[in-house]
Amino acid sequence: MKVLLIGGGGREHALAWKLKQSSRVEKLWCAPGNAGIAAEAECLKVDSGDVAAIVALAEKIRPDLTVVGPELPLVNGIADAFALRKWAIVGPTQEAARLEGSKIFSKEFLQRHNIPTAKMYGAYDSAEKAKAALKNVKWPVVMKADGLCAGKGVFLAPDEKAAKNFISSVMEKQELGAGGARILLEETLEGEELSFIILTDGQRYAALVPTRDHKRVLDGNEGPNTGGMGAYSSDELLPSGLREKIVARIVEPTLRGLAADGIRYQGFLYIGVMLTASGPKVLEFNCRLGDPETQAIVARMDFDLMEVLANLAAERLDASKLKWKSGASACVVLASGGYPGKFETGKEITGLREADSVRGVKVLHAGTKCDGDKIVTSGGRVLGVTASGATLGDALGRAYEAAQKIHFAGAHYRKDIGAHASVGRGDD
Ligand code: AMP
């Protein structure tokens with residue numbers, strides 16, 4: 001099969017690496033890809049949010065299957081454009097992608113189908129109304145811009161002053177763009193987070209191994225939020241009692257709710273869960289795989305991803321095909337100096353080969369590009385050093401051993417990925 005993968009980050013490098021291992025893949029393109037993906041696939045220049053440009057590209061190269069990594073092309077309707085032409089694609093339609101594209105739509109969906117989630121105080125389309133609503137909330141309050149805001153749309157406001165500043169910057173100054181035209185306020189949940197991702201063809205579904213992301217930039221979960229500084233996966237994250245609760249109270253009602261609302265959902269569905277003292281509750285939906293969760297998930301895959309995705313696109317998902325390596329995996333993200341704030345690019349990266357030669361390690365590229373015969377940085381998150389092992393300790397040990405071998409000016413990474421790993425709880 002000839003496969004086109006859309007995207008150019010660490011998640012897409014993980015997918016490209018795995019797809020390339022399949023004997024069924026005769027040709028792999030990635031648009032736009034990055035310097036690491038270039039070793040697994042032919043990279044083609046395209047703006048991955050531009051549906052018309054991707055359609056034009058697919059018209060030319062005629063892939064048998066297209067796999068979409070990031071949310072933007074999905075929210076912009078790429079799956080609909082492909083369906084119209086009867087081209088096979090993995091990813092939900094524009095309507096289904098609203099579960100991620102609109103936090104208000106997603107919250108109303110959760111409420112309508114009685115799926116446990118944080119209580120919403122309200123949704124507001126003007127700064128004046130949002131500020132007035134602050135009189136009736138409990139502090140701290142969670143504030144969410146409705147639309148896509150590149151990971152900057154959620155704010156945990158400690159007090160009224162901070163909340164008003166957020167409302168001013170998002171709704172009055174429109175600093176996050178159109179995604180901030182409406183905001184919602186909701187109660188703050190406490191607990192550990194868990195990423196529960198499923199693959200569904202609209203009828204059947206299969207759960208991927210559980211993962212935990214590390215959003216804050218500094219050790220000990222300090223500092224600002226990022227796109228994700230690392231992730232790990234181990235079966236201990238999800239004891240069977242908790243899995244059953246998540247499936248019965250969240251996954252199955254979500255799939256039934258989508259069907260009842262007449263929304264066909266095909267592709268990866270990411271469910272961000274908070275394990276609270278009153279049971280697991282949904283924090284968010286994403287209409288695609290997480291990054292860097294994907295890197296940790298792919299490291300544990302013991303099946304032919306190409307076969308599973310081809311079956312999914314043909315509406316014949318076979319959950320029994322998804323086999324997983326026991327043990328654990330970890331991904332440590334190496335970021336540019338200054339990230340998630342301002343950072344410079346173009347720094348030469350050395351030590352990649354030495355890092356890749358550590359047993360059980362694969363260095364996955366996110367923000368890298370080729371510059372002559374050098375590989376240089378080109379983004380905030382640069383690399384995801386990913387390892388598997390018999391235990392979480394083994395996987396982490398390997399990932400950190402490899403990370404130490406990589407150098408570029410300003411590089412920084414968290415030293416405590418997976419260090420506070422705890423068994424998932426979801427009491428109630
Ligand atoms: P979201 O994009 O909605 O998942 O929000 C991003 C992050 O904000 C989540 O991963 C949580 O860490 C945090 N968050 C979102 N909603 C809540 C909530 N209701 N209570 C506490 N933390 C939250």
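Just follow the structure's listing: the first ligand is 1, and inside any ligand the first atom is 1. Bear in mind that the values here come from a model prediction, so they are computed numbers and not experimental data. Note: hydrogens, waters and symmetry copies are ignored here, and every other heavy atom, side chains too, is used.
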Ligand 1: protein N/O within less than 3.5 Å of ligand N/O:
residue, atom, partner, partner atom, Å
ligand 1, 2 (O), Lys103, NZ, 2.9
ligand 1, 2 (O), Glu284, OE1, 3.0
ligand 1, 3 (O), Lys103, NZ, 3.2
ligand 1, 3 (O), Lys144, NZ, 2.9
ligand 1, 4 (O), Glu284, OE1, 3.2
ligand 1, 4 (O), Glu284, OE2, 2.9
ligand 1, 10 (O), Glu193, OE1, 2.8
ligand 1, 12 (O), Glu193, OE1, 3.4
ligand 1, 12 (O), Glu193, OE2, 2.4
ligand 1, 16 (N), Lys144, NZ, 3.1
ligand 1, 16 (N), Glu186, OE2, 3.4
ligand 1, 19 (N), Glu186, OE2, 2.8
ligand 1, 19 (N), Glu187, O, 2.9
ligand 1, 20 (N), Leu189, N, 2.8

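Note on ring orientation: taking the six-membered ring where Trp is involved, the planes of His214 and Tyr232 are tilted (angle from 30° to 60°).
Panel note: side chain Thr377, backbone Gly346; a donor-acceptor pair is recorded below 3.5 Å. Side-chain atoms of Arg212 come within 3.5 Å of backbone N or O of Glu193 as a donor-acceptor pair.
In this structure, a donor-acceptor pair under 3.5 Å is absent between the side chains of Gln295 and His13.
Counting non-hydrogen atoms of neighbouring residues, nucleotides and ligands closer than 6.0 angstrom, the CD atom of Glu128 reaches no more than 12 such neighbours.
Salt bridge absent: Lys161 and Asp159 never bring a charged side-chain N and a carboxylate O closer than 4.0 Å.
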